[in-house]
2 protein chains.
Amino acid sequence: MSSASKTLDLLTYFTVDRPEIGLTRLCRLADRDKATTYRHLQSLEGAGFVEQNPLTKNYRLGPRLLQLAQIREVTVPRSAGVEAPLNVLADATGETSHVSVLSGQTLYTLEAVESPRHSIRVIMDVDTFPLHATSSGHCALAFGSPALMDVAAGSLTAFTETTVTDPQDLRTRVEVTQSSGFARSTGSFEDDVYSLGVPLFDQTGLFAGAVSTASVASRFTPELEQIIKSHLIIAARAITRNWGGTVPASVEAAWAATLAQPQELEPST
Amino acid sequence: MSSASKTLDLLTYFTVDRPEIGLTRLCRLADRDKATTYRHLQSLEGAGFVEQNPLTKNYRLGPRLLQLAQIREVTVPRSAGVEAPLNVLADATGETSHVSVLSGQTLYTLEAVESPRHSIRVIMDVDTFPLHATSSGHCALAFGSPALMDVAAGSLTAFTETTVTDPQDLRTRVEVTQSSGFARSTGSFEDDVYSLGVPLFDQTGLFAGAVSTASVASRFTPELEQIIKSHLIIAARAITRNWGGTVPASVEAAWAATLAQPQELEPST
DNA sequence: AGTAGTGGTTCATATTGTGAACCCTTGTTT
DNA sequence: AAACAAGGGTTCACAATATGAACCACTACT
């Protein structure tokens, strides 16, 4: 491991719960020598990545990060971090995949890719997603601001025969999404389109969008569903990471629990 | 220079005007060997501080910065970066010094410190500053959003006999502040209180607040004014830096020009 | 006065970083 | 199509740099 990597690694120990760390404490956390850690901190401080609280002598993240983050934010569009994972998802599942972002109270399409594997496939031709009728929408309701539920409940347009139009029914389904980590739509927006989606998060730690797949209903077997789910998780982690966020532990746990379920049918060791 | 410092130094070459840099180009910019630079970039990429544009192979700032900046922002209050420079300012000038921050269309006191040097001194007992009558306010008008001028022009309360109450007069004075880099108030808010102020900027690159001194009028000699001005600049640079900003070149130039003026009376080489 | 905690420093040791020269790929010129 | 240039990435002998045990200085508590 290079010295530079070790130096940068020190920054991982600063979190919102532990914003200031003393030299000795950081040594223990990183399991490194004091002299080494001190020199590394000097380098970081010189570059403005950490600064020392003049009172406590503890170290904390420095102002330089604000500058660089600003440049990144202004400079790299959200879509840049979406393309690669979305292609992988479409490739691995063979299904049309897309990412939507929440802006205000609306979910907009950020990017969509179709897999060429099947000649019959779902074409994405919408650019905003109704919250109550799509898997991305359900992700927003389940993991976004509670205020979104009021917005959704206010316009329960029936797109198909299976569209959820009862507020209480919607609430129940959103609860399932919360506890499973996956949103599921079986023809509720367009007939014969089954969709699975998972939430995305950005650097604020809040819900920022969703990634989902849309399959033609006739192809949607339990086996495919398993494959899609596992690849949705991979995509969600990658995109969330690229947006400066981390997948909340509760969501990771929900995913793990959901994916473990089918295996329970097999005899365990 | 440590390897870690050299590695971190690479990040300085990324700006809003130059968001993506190729390996060879970065070598030329940093004047370093290609292999070295490549390894440094690998370290940075491993930590998420840079990422590679998969199409162009150019490097750009990475998502990790967003996370860390978020932690810094949530964790370190603005006031933390103000205390030390403000104490230095009060110490060096012997005058009451304070920092105000712009929130919406209002300037609030963030922190004030009195110098114990003189027994007669200005006590700061306000917590919002009228834009038209204080040096901090003039900084906001000169370097903040143009919309502030409309707000200010809408309530030109006369606090003293010298308070500017004519909109056109105010505009002229703000122009002087813009071109000199310094705001000056001679008893316009409180009688016998002369004040000098300079603008502060944050990571967005916009006006974020002001740092200023308040002197009793009888003490305010041209010599003191020079001393205050030079120390205001030092404080403004330090605070701006700590807020993740940089002093705009135009402001730096204005300061340099203003400070150079008295020397012009001396014969030049 | 003693103890245990902190941040910071030293110096011999050896791990690590370094850069000239290399390869490979792509796109352009002749 | 052959030659060329320019970019990213890699190699390996060499040397600079990082490392950590032991150290100092300071503070707070016993």
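Order of the sequence lines sets the chain letters (A, B, ...), proteins ahead of strands, with each chain counted from 1.
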Rounded off to whole Å, could you give me the [atom1]-to-[atom2] distance for the [X] and [N] pair?
X	N	atom1	atom2	answer
A/Asn53	C/dT6	CG	P	17 Å
A/Leu41	C/dT6	CG	P	15 Å
A/Leu26	C/dG8	CG	C1'	15 Å
A/Lys57	D/dC26	NZ	C1'	10 Å
B/Leu23	C/dG19	CG	P	14 Å
B/Asp33	C/dA21	CG	P	11 Å

*Fit a plane to each ring of B/Phe49 and A/Phe49, take the angle between them on a 0 to 90° scale, and name the class: parallel (under 30°), tilted (30 to 60°) or perpendicular (over 60°).*
tilted
_For A/Phe201 and A/Phe143, take the angle between the two ring planes, folded into 0 to 90°, and tell me which bin it lands in: parallel under 30, tilted 30 to 60, perpendicular over 60._
perpendicular
*Starting at the 5' end of DNA chain C and moving along, which residue's nearest nucleotide shows up first, A/Lys34 or B/Ala35?*
A/Lys34
_Atom CD1 of B/Ile123: over 12 foreign heavy atoms under 6.0 Å_ =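 Counting neighbours around CD1 of B/Ile123, more than 12 heavy atoms of other residues, nucleotides or ligands fall under 6.0 Å, so yes.
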_Could you walk me through whether B/Ser212 and B/Ser136 satisfy the side-chain hydrogen bond (donor to acceptor under 3.5 Å, both in side chains) test, starting with their C-alpha distance in whole Å, then the side-chain angles of each, then the deciding distance to 0.1 Å, before giving a yes or no?_
CA-CA 7 Å; B/Ser212 59; B/Ser136 297; 3.2 Å; yes
Side-chain N or O of [X] less than 4.0 angstrom from OP1 or OP2 on [N]?
X	N	result
B/Gln52	D/dG9	yes
A/Thr36	D/dA18	no
B/Tyr59	D/dG9	yes
A/His40	D/dT19	yes

*asked:* Which is more 5' along DNA chain D, the nucleotide nearest B/Tyr38 or the one nearest B/Arg28? Just name the residue.
replied: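 Nearest-nucleotide comparison on DNA chain D picks B/Arg28.
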*Quick one: label B/Arg39 by what it contacts on the DNA or RNA (base, sugar-phosphate, nothing), any heavy atom closer than 4.0 Å.*
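Base contact - B/Arg39 has a heavy atom under 4.0 Å of at least one base atom.
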*Between the side chains of B/Thr15 and B/Asp17, is a donor N or O closer than 3.5 angstrom to an acceptor N or O?*
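Distance-only check fails for B/Thr15 and B/Asp17.
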*Ring centres of B/Tyr59 and B/His40 under 6.0 Å apart?*
no
*Carboxylate-amine/guanidinium proximity below 4.0 Å for B/Glu95 and B/Arg219*: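 Looking at B/Glu95 and B/Arg219, the cut-off is met.
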*In residues 1-13 of chain A, which residues come under 4.0 Å of DNA chain C by heavy atom?*
A/Ser2, A/Ser3
